[in-house]
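Just so you know, ligand 1 is whichever comes first in the structure, and atom 1 is the first atom listed for that ligand. When reading the values below, keep in mind they use all heavy atoms of this one structure, side chains included, and skip hydrogens, waters and symmetry mates.
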Amino acid sequence: MSTVNANFASPRTVLVSGGAVKQVAALLGRFGLSRPLIVTDPFMVRSGHVNNCLDPLTAAGIPISVFSDTVPDPTDTVVEAGVAELRKGNYDCLIGFGGGSPMDTAKAMAILAAGVAAAPAGGPPAKMRDYKVPVAADKAALPIIAIPTTAGTGSECTRLTVITDTERDEKMLIAGLGALPLAAIVDYELTYSVPARTTADTGVDSLTHALEAYVSKHANPFSDAMAVAAMTLIGRHLRTAYAEPRNAAAREGMMIGATQAGLAFSNSSVALVHGMSRPIGAHFHVPHGLSNAMLLPAVTRYSVPGAEARYAQASRHIGFAADADTDAVATAKLVSGIEALNKDLAVPTPSAYGIDEAAWTAKMDLMADQALASGSPGNNPRVPDKAQIMGLYREVWTGAPRNAPGP
Ligand code: NAD
């Protein structure tokens, strides 16, 4: 009897090569698209990076319209503004160009625009929170072409978008085929300019995607293949990409690893790290990958007993453990390997990041509720209750494992 229960979703095509962004106009042409709205962030415009996308479109005679008001950790209000912009023009697709924030904004605009169009006249307007999990956000008003410039969230290949509810200070997970891009362009040359801090944070985000997809209760042979490939590439290239921004092999390895990690978790799931990370982002505005990195050692240490063999394999794939290591040794090396990686990547503690201890303690109860409500902790190989999640937030604050023997 088969024990596999999988539903693999991916963009219809993914162009992967250095310089692939030059093919953006040809890619639109293959789908009969010619009137894009480009969604990006203000830095991409100010720095001229967006021209990597605009120049090939202009050369092909495609009219250029840009919505560049996206913000880090995109909000429902920005998405609403984007939908208003969308309704002003006769667009036939959205191009999300940038890190996860612009790509997620484009996805959310497509989902909300479909909801606005379908809402009955005189009824309440569609809101972003109408689409948060467990709702299936399967409808999009327009197809999305995703072009990542960080390595990365993997959003170019996922059926997810993460949008902050500004009234409730909650990072909402929105999932469904409406968020899945039609096509993606994965061009590592776009990441040469990513600063070291963002290289580290986005790289740890990718590593966390792959690891969580691999140990998730929803792991399957398709997501495993992507997760293993991603862990191998990220384990090999993250430190080099951080230290040597112009290293082509490292940038390419990280870019491909990030996309594979996106495919892995989108077709499996994320788990406890992401569940606990989103509330830290919502309340303390810590970049997403950085809050993952802060949590990763403590949450991994807590979770290992739920899937020791899987965590041990992950440790070997990342390169922390040797093939000959026992599972117990390999999992110990996984936790120490992540701690060493955090040190090399200069990951601060929440306190060193500037968060106030009283504010952290006061929010722990709400953050634990929001983590549980997201559903992600339920995918973890060891499922915590609220008190355990609060204990983990406390442990991450002090930086020391609870009940650990003293020095
Ligand atoms: P980001 O998009 O917020 O970008 C971070 C910073 O890097 C910005 O200042 C941006 O301007 C800059 N930047 C981007 N590309 C650059 C480049 N090539 N050169 C120089 N600077 C560059 O950060 P991110 O980590 O890519 O995305 C984070 C967002 O993605 C969060 O909101 C997170 O919740 C979301 N996310 C989504 C998914 C998904 O599947 N949809 C998965 C993981 C994370």
Side-chain angles (χ1 to χ4, degrees), residues 9-11 21 39-53 68 70-76 78-79 96-108 111 133 137 144 146-164 170-176 178-181 184 187-210 212-213 241 245 251 254-255 258-259 261-270 273-275 277-282 285-293 374 376:
S10 80
V21 71
V39 179
T40 190
D41 70 32
F43 172 77
M44 289 287 146
V45 175
R46 223 173 34 242
S47 62
H49 288 309
V50 76
N51 295 330
N52 288 304
C53 176
S68 63
T70 70
V71 292
D73 297 330
T75 59
D76 48 6
V78 166
V79 175
F97 182 87
S101 300
M103 289 190 288
D104 276 14
T105 304
K107 293 171 164 200
I111 291 167
V133 291
I144 299 143
I147 309 178
T149 62
T150 61
T153 63
S155 178
E156 65 276 10
C157 283
T158 72
R159 47 175 193 87
L160 300 146
T161 173
V162 184
I163 301 297
T164 298
E170 181 187 353
K171 272 185 101 169
M172 301 179 291
L173 187 59
I174 293 161
L180 185 66
D187 179 350
Y188 70 88
E189 291 179 4
L190 295 172
T191 64
Y192 280 139
S193 52
V194 179
R197 180 73 266 140
T198 307
T199 298
D201 296 347
T202 51
V204 175
D205 190 23
S206 309
L207 181 62
T208 311
H209 289 156
E212 295 212 292
R251 288 296 197 184
M254 284 307 299
M255 196 63 158
T259 299
L263 281 166
F265 88 83
S266 182
N267 288 289
S268 169
S269 77
V270 285
V273 177
H274 273 77
S277 182
R278 286 183 218 104
I280 298 177
H285 306 290
V286 179
H288 176 69
L290 191 53
S291 50
N292 284 350
S374 76
S376 298

Discussion item. Nearest non-hydrogen contact with atom 27 (O) of ligand 1 belongs to which option: G100, G289, A261?
Written reply: G100

Item to complete: Please say whether T198 places an N or O atom under 3.5 Å from an N or O atom belonging to ligand 1.
Response: no

Worksheet item: Counting only heavy atoms on the protein side, is anything nearer than 4.0 Å to atom 1 (P) of ligand 1?
Response: yes

Practice prompt. Tell me which protein heavy atom sits closest to atom 39 (C) of ligand 1, plus the residue, atom name and distance to 0.1 Å.
Written response: T158 OG1, 3.5 Å

Item to complete: May I ask you to list the atoms of ligand 1 that are less than 4.0 angstrom from any heavy atom of F265?
Response: 40 (O), 42 (C)

Practice prompt. Could you tell me whether ligand 1 has any atom less than 4.0 Å away from a heavy atom of P102?
Written response: yes

Discussion item. Give me the residue, atom name and distance of the protein heavy atom closest to atom 19 (N) of ligand 1.
Written reply: S193 OG, 2.8 Å

Worksheet item: Quick one: does G98 get within less than 4.0 Å of ligand 1, heavy atoms only?
Response: no

Worksheet item: Which residue owns the protein heavy atom closest to atom 10 (C) of ligand 1, what's the atom, and how far is it?
Response: D41 OD2, 3.3 Å

Worksheet item: What distance separates S291 OG from H285 NE2, expressed to the nearest 0.5 Å?
Response: 12.0 Å

Worksheet item: Can you tell me which residue and heavy atom of the protein come closest to atom 16 (C) of ligand 1, and the distance to 0.1 Å?
Response: M44 CE, 3.1 Å

Fill in: Top protein contact for atom 21 (N) of ligand 1, by heavy-atom distance
F43 CE2, 3.3 Å

Discussion item. Suppose we measure from atom 3 (O) of ligand 1 to each protein heavy atom; which comes out shortest, and what is that distance?
Written reply: S101 OG, 2.6 Å

Worksheet item: Looking at T150, which atoms of ligand 1 are within less than 4.0 Å of one of its heavy atoms?
Response: 14 (C), 15 (N), 26 (O)

Worksheet item: For ligand 1, which part of D205 has a heavy atom less than 4.0 Å away: the side chain, the backbone, both, or neither?
Response: side chain

Item to complete: Please confirm whether H274 comes under 4.0 Å of ligand 1, counting heavy atoms of the residue only.
Response: no

Worksheet item: Non-hydrogen atoms of Y192 versus ligand 1: any pair closer than 4.0 Å?
Response: no

Worksheet item: If you measure every N/O of H209 against every N/O of ligand 1, is any gap under 3.5 Å?
Response: no

Worksheet item: Counting each atom of ligand 1 from 1 as listed, which ones have a heavy atom of S155 under 4.0 Å away?
Response: 39 (C), 40 (O), 41 (N)

Worksheet item: Any N or O on L190 sitting closer than 3.5 Å to an N or O of ligand 1?
Response: yes

Worksheet item: To the nearest 0.1 Å, how far is atom 25 (O) of ligand 1 from its closest protein heavy atom, and which atom is that?
Response: T202 CG2, 3.3 Å

Fill in: Sub-4.0 Å protein heavy atom next to atom 32 (O) of ligand 1
yes

Response to the item:
Under 4.0 Å from one or more heavy atoms of D73, ligand 1 contributes atoms 31 (C), 32 (O)

Worksheet item: Tell me, which protein residue and heavy-atom name are nearest atom 35 (C) of ligand 1, and how many Å apart are they?
Response: D104 OD2, 3.5 Å

Worksheet item: Heavy-atom distance to atom 34 (O) of ligand 1: which of K171, H49, E156 wins?
Response: K171

